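In what follows, a single structure is set out as structure tokens and then discussed.
Computed from heavy atoms alone, side chains included, the values below leave out hydrogens, waters and symmetry copies. Whatever order the structure lists ligands and atoms in, that order sets their numbers, starting from 1. Just so it is clear, the structure is predicted and the values come from calculations on it, not from any experiment. We number each residue from 1, following the sequence as shown.
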Amino acid sequence: MTDILSAAEVVDEAARHARAIPQFTQSGPLGVAEAYAIQAHSVARRLARGERLVGVKMGLTSRAKMAQVGVDEVIWGRLTDAMRIEEGTTLSRARFVHPRIEPELAFLLKAPIEREMTAPEALACVEAIAPAMEVIDSRYRDFKFALADVIADNSSSSGFVVGPWSSPTRDFSNLGLVMEVNGRAVEMGSTAAILGDPIRSLVAAARLAGPSLGGLKAGWIVLAGGATAAYALKIGDSVRTAMQGLGAVGVKVVA
Ligand code: OOG
Ligand code: MG
């Protein structure tokens with residue numbers, strides 16, 4: 001327990017001061033359950049500082065993402081209000097160790113999800129969907145980690161930006177998307193890359209994250225996971241993701 005609490009402090013301090021740390025798994029074995037306990041305690045420190053839990057991020061739900069980081073299990077993390085970046089504004093490079101950005105689909109829940117559900121049942125709990133981007137910033141040196149490391153580090157989550165909300169009644173299982181940096185396409189893909197259909201990511205969130213969080217709450221945002229590999233951000237980058245029929249979401253990186 002003391003080990004878990006001290007690891008939670010290490011990872012929280014690393015995030016707070018944008019300082020890279022060595023991987024926990026390099027100094028001894030770390031199990032997945034312990035890693036989620038470290039994540040819970042590190043985010044609890046943020047909540048104790050006044051941040052509010054606003055949702056869940058799913059991770060490694062596409063092959064492109066699994067391949068990029070060399071981990072192939074679906075993982076999840078916690079989103080707080082302080083991680084939200086207003087769409088169309090800026091993010092400061094100085095707040096991060098080595099930030100990357102990736103195109104995601106966001107769900108807004110209108111009803112709580114407190115048990116495992118089928119995809120149609122989960123869809124009935126969705127108020128709206130939106131194009132989104134997640135800023136991931138592994139606190140581990142060189143952005144390298146094993147499964148338990150990344151889980152302990154809140155699954156690399158660091159920021160997120162959400163575009164315009166649309167009704168979930170439209171079919172969003174296979175929407176084309178393009179992520180551009182300064183007008184140049186850097187990643188292209190489809191929402192179908194997310195577990196074959198992003199609604200499956202919400203089903204997975206209910207199953208994997210729900211039990212630890214007392215369910216997923218009405219009003220929460222659930223990020224479905226990167227549809228493509230992530231792009232390493234540089235100062236001056238204007239990043240925009242457009243999703244077929246859903247509009248676009250953008251952010252600019254400043255010093
Ligand atoms: C791990 C987090 C993965 C996603 O959308 O797949 C993730 C990482 O890539 O550092 O956020
Ligand atoms: Mg992500």
Name of the [X] N, O or S atom nearest the Mg ion (ligand 2)?
X      : answer
Glu104 : OE2
Glu102 : OE2
Glu134 : OE1

In this structure, which one of Val178, Thr228, Leu177, Ile101 forms a side-chain contact (heavy atoms from CB on, under 4.5 Å) with Glu187?
Thr228
Under a 4.5 Å side-chain heavy-atom rule over Ile, Leu, Val, Met, Phe, Trp and Tyr, are Val150 and Ile136 clustered together?
yes
Once the angle between the rings of Tyr36 and Trp76 is folded into 0 to 90°, is it parallel (under 30°), tilted (30 to 60°) or perpendicular (over 60°)?
parallel
Short N or O separations between ligand 1 and the protein, below 3.5 Å:
residue, atom, partner, partner atom, Å
ligand 1, 5 (O), Glu102, OE2, 2.7
ligand 1, 5 (O), Glu104, OE2, 3.0
ligand 1, 5 (O), Gly226, N, 2.7
ligand 1, 6 (O), Leu60, N, 2.7
ligand 1, 9 (O), Lys65, NZ, 2.7
ligand 1, 10 (O), Ser156, OG, 2.7
ligand 1, 11 (O), Lys57, NZ, 2.8
ligand 1, 11 (O), Glu102, OE2, 2.9
ligand 1, 11 (O), Glu134, OE1, 2.9

Quick one: pull up OG1 in Thr80 and CZ in Phe160 and give me the separation to the nearest 0.5 Å.
7.5 Å
For the pair Glu121 and Arg115, find out whether any cationic side-chain nitrogen is under 4.0 Å from an anionic carboxylate oxygen.
yes
With the side chain counted from C-beta on, respond yes when Arg49 and Asp12 share a heavy-atom pair under 4.5 Å apart, and no when they do not.
yes
Please check if the number of heavy atoms outside Lys144 that lie under 6.0 Å from its NZ is greater than 12.
no
